[in-house]
Amino acid sequence: ETGVTQSPTHLIKTRGQQVTLRCSSQSGHNTVSWYQQALGQGPQFIFQYYREEENGRGNFPPRFSGLQFPNYSSELNVNALELDDSALYLCASSSGAREDTQYFGPGTRLTVL
Amino acid sequence: QQQVKQSPQSLIVQKGGISIINCAYENTAFDYFPWYQQFPGKGPALLIAIRPDVSEKKEGRFTISFNKSAKQFSLHIMDSQPGDSATYFCAARISGSARQLTFGSGTQLTVLP
């Protein structure tokens, strides 16, 4: 059991809407990374938060944004949803930005209609 | 641009057989190569990992073979069991502050009883 939790489990939105996904990191972990996993593909890195600041970003547009809170939980916000945003969104936590092992949560399945 | 190429896309093995999954990379800045196992409805879970200064690492029935000159690495699952049926992802981490993982496209392994 990794201890990383995500909510909600599933979500259905329509094109143009905004969505917020939440992640609680494993106890003692101060680093959270977000990944997008399209159906049948490997996860793609969106961004990482370390001690409440963005610490790296993948090739995703600015409408993907995030936050990390003092308790190290995190949110992923996506504005102006597009059909291609339909995917499993994974959160991974680690005990430091330079730590090897990332522990993944079960993900949030987002469907955009 | 896909930086980690994984093959095969799917693999069917008899119980007790050896499962072999291969990955190749281009970016020599990668410094850490983990393999993740993902069951349906779950997030990826770290299986085994290797650094480029080691040519082989074994943990139980799982072995990573690493060929730095060829920029290739592979996962061998010995004595494959039906419970090993899952999707396997290789990944590579580029050196840098974010320690982001770049994943392969995944291999769906089915172990027949």
Side-chain angles (χ1 to χ4, degrees), chain A residues 1-7 9-10 21 23-26 29-51 53-60 66 68 87-109, chain B residues 1-10 21-25 27 29-54 57 59 64 75 86-109:
Chain A
E1 190 67 35
T2 65
V4 179
T5 60
Q6 293 186 243
S7 62
T9 305
H10 296 90
L21 310 181
C23 170
S24 292
S25 59
Q26 188 166 327
H29 287 187
N30 58 15
T31 303
V32 172
S33 301
W34 285 92
Y35 291 82
Q36 180 196 66
Q37 185 177 20
L39 197 62
Q41 298 295 318
Q44 285 194 314
F45 176 74
I46 302 174
F47 44 55
Q48 181 186 82
Y49 278 83
Y50 172 62
R51 293 185 175 180
E53 293 196 1
E54 188 177 291
N55 187 45
R57 188 179 184 92
N59 189 26
F60 280 81
Q68 187 178 33
L88 180 69
Y89 288 85
L90 295 162
C91 163
S93 76
S94 57
S95 58
R98 302 180 73 82
E99 285 298 313
D100 287 343
T101 305
Q102 295 186 22
Y103 297 88
F104 283 83
T108 293
R109 173 70 63 186
Chain B
Q1 180 182 359
Q2 185 182 15
Q3 297 189 54
V4 180
K5 294 184 179 180
Q6 183 172 348
S7 63
Q9 186 175 9
S10 63
I21 305 171
N22 300 299
C23 284
Y25 64 96
N27 194 334
F30 289 139
D31 65 355
Y32 173 72
F33 300 87
W35 284 88
Y36 280 83
Q37 179 189 56
Q38 186 175 29
F39 292 102
K42 303 287 187 180
L46 179 65
L47 198 58
I48 187 173
I50 198 167
R51 295 183 182 276
D53 54 347
V54 177
K57 183 175 181 179
E59 290 184 0
I64 300 178
L75 175 69
T87 300
Y88 292 81
F89 293 96
C90 62
R93 185 195 65 193
I94 196 165
S95 58
S97 62
R99 294 293 198 258
Q100 65 202 59
L101 292 171
T102 298
F103 284 84
S105 55
T107 296
Q108 187 168 355
L109 172 65

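Below, read A as the first sequence line, B as the second, and so on, with proteins coming before strands; counting in each chain starts at 1.
Taking the six-membered ring for Trp, A:Phe104 and B:Tyr36 have ring centres closer than 6.0 Å.
Across A:Gln44, A:Arg109, A:Gln37, the residue that shares the most heavy-atom pairs under 4.5 angstrom with chain B is A:Gln37. Taking chain B as the reference chain and counting heavy-atom pairs below 4.5 Å, the highest number among A:Pro43, A:Gly40, A:Gly58 is found for A:Pro43.
Using modelled atom types, no side-chain atom of A:Gln26 and backbone atom of A:Thr5 make a donor-acceptor pair closer than 3.5 Å.
In this structure, the portions of B:Leu101 lying under 4.5 Å from any heavy atom of chain A include both its backbone and its side chain. A:Glu54 does not touch chain B: none of its heavy atoms, backbone or side chain, sits under 4.5 Å away. For B:Gln108, no part lies near chain A; criterion is any non-hydrogen pair under 4.5 Å. Only the side chain of A:Tyr35 comes within less than 4.5 Å of a heavy atom of chain B; its backbone N, CA, C and O stay farther away.
With sequence neighbours left out, the ring-ring contact (aromatic ring centres under 6.0 Å, His included) criterion links B:Tyr88 to no other residue.
A ring-ring contact (aromatic ring centres under 6.0 Å, His included) with B:Tyr25 is found for one member of B:Phe103, B:Tyr32, B:Phe33 and no other, namely B:Phe33.
Between A:Arg51 and A:Glu53 there is no salt bridge, since no side-chain N of the basic residue sits under 4.0 Å from a carboxylate O of the acidic one.
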